[in-house]
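Shown next, in structure tokens, is the structure this report addresses.
Just follow the structure's listing: the first ligand is 1, and inside any ligand the first atom is 1. The model shown is predicted, which means the values in this text are computed figures rather than measured ones.
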Amino acid sequence: MSSMQEQLKNLKDEAIIALNEINNKDSVMQWRSKYIGRTSKLASVLKNLKDIPQEQRKDVGQLVNAIKKDLESAYLQRIDDLNNLDIDTHPSVEIDISLPGMPSRNGGLHPITTALNKTLDVLSKLGFSSIEGPEAETSKYNFDSLRIPDDHPARDMWDTFWLNASDADDPLLLRTHTSPMQIRFLEENDPPIRIAVPGKCYRYEATDATHEWMMHQVEILAIDKNISISNLKGTLQSFAYEMFGLDAKIMLRNSYFPFVEPGVEMAVFFRGQWLEVMGAGMVHPDIIKAAGYDPSVYTGFAAGMGIERIAMLLWDIEDIRYFYQNDLRFLNKF
Ligand code: FA5
């Protein structure tokens with residue numbers, strides 16, 4: 001055995017003896033840095049391994065590592081022993097297992113997220129796959145391509161948050177509805193089309209029990225050969241029954257949106273009156289034509305539904321503003 005190996009073995013013996021004499025945790029920490037820490041003798045042997053004659057290098061290296069491992073486990077064992085000693089030497093510290101535990105405060109999904117997920121689940125069963133689009137939108141997509149020109153009175157229906165830093169010819173805004181994704185998707189994809197587009201929309205308007213300035217919509221768009229208004233009606237009816245149950249009272253009545261012809265809206269009976277949950281209609285032939293398809297061959301329907309309104313129906317919430325007041329007394333119920 002080389003003298004180096006002998007020295008190492010002695011060092012290990014010394015370390016073990018010193019460790020066994022320690023009876024508090026602070027000294028164990030000091031012991032650790034003296035014998036196995038970064039500035040310990042062991043560490044310096046490892047660092048200087050290159051100065052050791054070639055033929056011994058491997059053996060010494062292995063020995064240092066083995067000793068280090070032994071000392072590490074002796075150290076952990078000692079900590080364990082000292083911990084046990086703590087309990088044994090302080091019998092007055094009792095653990096009262098009858099005390100109630102600390103309640104754990106788990107987070108949960110916001111009701112609007114749950115309502116949105118449920119909506120997308122039902123739509124997926126009806127054949128619609130989800131895709132998202134931009135919240136900062138250009139006027140072209142939010143209005144013009146949807147047949148809502150600058151001076152059109154329908155622009156008033158979507159009171160708008162305009163963004164600075166905009167191109168004067170095609171100003172940026174916070175989208176007022178998810179309908180611009182109809183145009184964006186049609187530009188890039190060919191029929192048959194069945195999409196659902198979830199996302200936030202913004203309107204610069206006064207809030208009340210059924211209106212927020214920020215809300216979520218899900219747009220649906222179906223384009224194919226031979227789609228008729230009965231497909232729209234059937235889809236909306238199946239959707240409503242699946243979402244709200246077979247005893248839900250639903251109504252389709254005519255409505256006006258420049259990008260559909262004819263247009264409808266769907267309302268659900270809620271707390272003694274009809275609550276409008278979505279606008280819908282047959283995609284206007286001009287929009288099909290602008291996308292490059294023959295409107296006498298391809299037809300389709302679209303709808304835009306309000307998720308906050310759907311959530312009101314799902315949980316019988318009387319005022320839409322509760323969703324965004326961040327009041328735990330409300331949110332904890334979900
Ligand atoms: C639209 O936004 C049309 N883009 C819907 C559409 C799509 C029509 C496709 C035809 C074809 P409307 O402004 O009615 O329409 O809004 C649609 C739904 O969004 C409403 O029924 C309502 O559920 C919800 N909604 C609209 N404004 C608000 C608001 N301020 N707060 C809460 N929900 C709202």
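For D170 (side chain) and T138 (main-chain N/O), no donor-acceptor pair under 3.5 Å exists by modelled atom type. No donor-acceptor distance shorter than 3.5 angstrom exists from the side chain of H110 to the backbone of F334, with no hydrogens or angles considered. Within the 3.5 Å criterion, the main-chain N or O of P149 finds a donor-acceptor partner in the side chain of R155. Of the possible polar contacts, one joining the R78 side chain to the I22 backbone as a donor-acceptor pair under 3.5 Å is found. Side-chain atoms of R175 come within 3.5 Å of backbone N or O of K200 as a donor-acceptor pair. For N254 (side chain) and P262 (main-chain N/O), no donor-acceptor pair under 3.5 Å exists by modelled atom type.
Side-chain atoms of D26 and Q30 include no donor-acceptor pair closer than 3.5 Å.
I67 is not listed as a side-chain neighbour of Y35, based on a closest heavy-atom distance of 4.5 Å or more. With contacts defined as side-chain heavy-atom distances shorter than 4.5 Å, the pair W213/E205 does not qualify. Between D80 and L76 there is no side-chain heavy-atom pair separated by less than 4.5 Å.
Distances below 4.0 Å separate heavy atoms of M278 from the following atoms of ligand 1: 21 (O). Ligand 1 places these atoms under 4.0 Å from at least one heavy atom of Q182: 9 (C). The atoms of ligand 1 that sit less than 4.0 Å from any heavy atom of G306 are 18 (C), 19 (O), 23 (O), 24 (C). Of all atoms in ligand 1, listed by their number and element, those nearer than 4.0 Å to a heavy atom of G279 are 5 (C), 6 (C), 7 (C), 8 (C), 10 (C). Near I320, meaning under 4.0 Å from any of its heavy atoms, are these atoms of ligand 1: 32 (C). Those atoms of ligand 1 with a heavy atom of T210 less than 4.0 angstrom away are 31 (N), 32 (C). Distances below 4.0 Å separate heavy atoms of E205 from the following atoms of ligand 1: 29 (C), 30 (N).
For atom 12 (P) of ligand 1, the nearest non-hydrogen atom from the set R203, R309, H177 belongs to R203. Nearest-residue assignment for atom 4 (N) of ligand 1 (options S179, G263, P258; heavy-atom criterion): S179. The heavy atom nearest to atom 23 (O) of ligand 1, out of those in V277, I148, V260, is found in V277.
Of the protein's non-hydrogen atoms, M215 SD, 3.7 Å is the one closest to atom 25 (N) of ligand 1. Here the heavy atom of the protein found nearest to atom 9 (C) of ligand 1 is E219 OE2, 3.3 Å. Looking at atom 21 (O) of ligand 1, its nearest protein heavy atom turns out to be E276 OE2, 2.8 Å. The nearest protein atom to atom 16 (O) of ligand 1, hydrogens excluded, is given as Q217 NE2, 3.4 Å; this is a heavy-atom distance. Shortest contact from atom 15 (O) of ligand 1 to any protein heavy atom: F257 CE2, 3.3 Å. Considering only non-hydrogen protein atoms, atom 31 (N) of ligand 1 sits nearest to E212 N, 3.0 Å.
In terms of polar-atom proximity, defined here as any N/O pair under 3.5 Å, E308 makes no such contact with ligand 1. For ligand 1, none of its N or O atoms has an N or O atom of H211 under 3.5 Å away.
The residues E212 and R203 are annotated as not salt-bridged, no charged nitrogen and carboxylate oxygen being separated by less than 4.0 angstrom.
The part of A303 lying near ligand 1 is the backbone, judged by heavy-atom distances below 4.0 Å. Only the backbone of A280 comes within 4.0 Å of ligand 1, counting heavy atoms alone; no side-chain atom from C-beta on gets that close. In E265, neither the side chain nor the backbone holds a heavy atom less than 4.0 Å from any atom of ligand 1.
Residue contacts with ligand 1 include F259, since one of its heavy atoms falls under 4.0 Å from the ligand.
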Inset, instruction - Test F259 against H177 for ring-ring contact (aromatic ring centres under 6.0 Å, His included), laying out the working first. - result: CA-CA 12 Å; F259 37 96; H177 53 175; 5.7 Å; yes
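What you find for I16 and A74 is that their closest heavy atoms are CD1-CB, 4.0 Å.
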